[in-house]
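Worksheet: the structure to be examined is printed underneath.
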There are 2 protein chains.
Amino acid sequence: MNNISNIFKEKNLKLTPQRYAIYKFLKSVKTHPSAEMIYAEISKDYPTMSLATVYKTLKTLIELGLVQELNVGEDNFRYDANVAIHPHIVCLNCGKVDDIENANFDNLKTDVLNYTDYDVLSYKLYFYGICSECKKGR
Amino acid sequence: MNNISNIFKEKNLKLTPQRYAIYKFLKSVKTHPSAEMIYAEISKDYPTMSLATVYKTLKTLIELGLVQELNVGEDNFRYDANVAIHPHIVCLNCGKVDDIENANFDNLKTDVLNYTDYDVLSYKLYFYGICSECKKGR
DNA sequence: CTATTAACAAATAATAATTACAAATTAGGA
DNA sequence: TCCTAATTTGTAATTATTATTTGTTAATAG
Ligand SMILES: [Mn+2]
Ligand SMILES: [Mn+2]
Ligand SMILES: [Zn+2]
Ligand SMILES: [Zn+2]
C-alpha cells in the first residue's frame, strides 16, 4: 500500500503524532496555510507543539512527496497536501489562496517544450485577482 | 514621454545615480538577479552603495511599475525590469532563471475565468527543469 | 549663485521567517 | 519491558528584508 504509514516505514521514519497531525490537518484544509498558521491550529490539540517541529515536519513531508510548497509572493511559504500540479489564485485584497478547481492546464508542460531547451519537469501557475467576498465589500 | 526620468519627475521622485544604476543594470541583464546579486554588481561602480538602498530602490521601482518581482520558490526574491507578464523557467540544478522567449500564454488569463469567480488581474507562470548546460554535465 | 528644504543614501539596528543546535523524550522493534 | 536511534522541544543562530537615524544631495526660489 501507499498510505502514509507505509511511506514512513520504508524510509525508517517514525510516524509520530505530531507528524500525523500536521499532515492530516493539511489534508483537511483548502486554505494553503503557512507554517505559522499550521502551528497555531495544531497547537490547539497539541499544546506542546513546537514551531520548529512544524518546520521540520513540513520539510520531511516535502521530501517524501506528500506536501508541496507554494510561493505566492508573500514573505513566507504556504503548504499544500495536494501534490498534483495545479493552479492557484491569490486574492490581492485579503491574501486568501484558493485552488482553481476543475481547470486543466497540463498542456502547458508540453506546449513550452517548443520554446525552451530545458528538460521541463514541472510548473507552477499563480493567478492574482480579487475574490468574490472582497468584491462585495466595495 | 514615458522615459524613466519623466516617470520620476511626475511623482516628485529624484532620479539619483544609484536608482538609475540599479534600473539600468536590471534592464541590461537577463539573469533575474536577487537584491544581493544586484548589490554585488552595482558595488563595483558605486563602492559606497548600501544594500538598504538596493532594497528601497527596488521597492520604488516596483511601485512605479518599472520592475517586477519574481518568486520562483527560493528564500529570496528576484527582480525583472521587463514588466510584461511572461513565463520563466528555473533550472533545478544550477538555480538559473531564464525567460521563455516568444511563447505566448496570454490565453491563460481568459481561460481561467471559466473556473473561478475571482476578478483575475494577472498571473505568474514558472516552469522548472534542467537547463542545457546542466544536462551536458551529467 | 546661494540658501532652503524635502528627498535621499548610507550605516546600522530591528524584525520576521526559517534553520541549527543540544538536551530531554519517545516510538517501535528486539 | 527494554533499548536506542529518531524525534521533539526550547532556544539560539542565521538570513532576508525593513525601519531608523543621521549626514548628504538635488531641486528650486530668491
Ligand atoms: Mn492547492
Ligand atoms: Mn523575465
Ligand atoms: Zn479577498
Ligand atoms: Zn542549470
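Within every chain, numbering begins at 1; the chains are lettered A, B, ... in the order of the sequence lines, protein sequences first and strands thereafter.
Read 5' to 3', the first and last nucleotides of DNA chain C with an atom closer than 4.0 Å to a heavy atom of chain A are dA17(C) to dG28(C).
Residue pairs meeting the salt bridge (charged side-chain N to carboxylate O under 4.0 Å, His left out) criterion with at least one member in residues 77-92 of chain B, sequence neighbours excluded: E74(B)-R78(B). Residues in residues 42-62 of chain B take part in these salt bridge (charged side-chain N to carboxylate O under 4.0 Å, His left out) pairs, two or more places apart or across chains: E41(B)-K44(B). Sorted by first then second residue, the ring pair (Phe, Tyr, Trp, His ring centres under 6.0 Å) pairs that include residues 46-80 of chain B, not counting sequence neighbours, number zero.
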Go through L66(B) and F8(B) one step at a time and tell me if the side chain to side chain contact (heavy atoms under 4.5 Å, CB included) criterion holds.
-> CA-CA 11 Å; L66(B) 292 168; F8(B) 271 74; 4.0 Å; yes
Quick tally for nucleotides 5-17 of chain D: nucleotides whose base has a protein heavy atom under 4.0 Å get B, sugar-phosphate-only ones S, the rest -, giving BSSBBBB----SB
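For N82(A), the side chain to side chain donor-acceptor pair (under 3.5 Å) criterion is met by no residue, not counting sequence neighbours. Listed by chain and residue number, H32(A), H86(A) satisfy the ring pair (Phe, Tyr, Trp, His ring centres under 6.0 Å) test with H88(A) (two or more places apart in sequence, or in another chain). Partners of N114(B) under the side chain to side chain donor-acceptor pair (under 3.5 Å) rule, at least two apart in sequence or in another chain, do not exist in this structure. Residues that satisfy the side chain to side chain donor-acceptor pair (under 3.5 Å) test with K96(B), not counting sequence neighbours, are E133(B).
One end of the helix from dC1(C)-dG30(D) to dA30(C)-dT1(D) points its axis 30° away from the other end's axis, with each axis taken from 5 pairs and the angle rounded to 10°.
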Please output the side-chain donor-acceptor pairs of residues 119-126 of chain B that fall under 3.5 Å, not counting sequence neighbours, one pair per line with the distance.
residue, atom, partner, partner atom, Å
D119(B), OD1, K135(A), NZ, 3.3
Y123(B), OH, F105(B), O, 3.2
Y123(B), OH, D106(B), OD1, 3.3
K124(B), NZ, E69(B), O, 2.8
K124(B), NZ, N71(B), OD1, 3.1
Y126(B), OH, N71(B), N, 3.0

Mind listing the side-chain donor-acceptor pairs of residues 13-28 of chain A below 3.5 Å, one per line with the distance, residues two or more places apart or on another chain?
residue, atom, partner, partner atom, Å
T16(A), OG1, R19(A), N, 3.2
R19(A), NH1, K14(A), O, 2.8
S28(A), OG, F25(A), O, 2.8

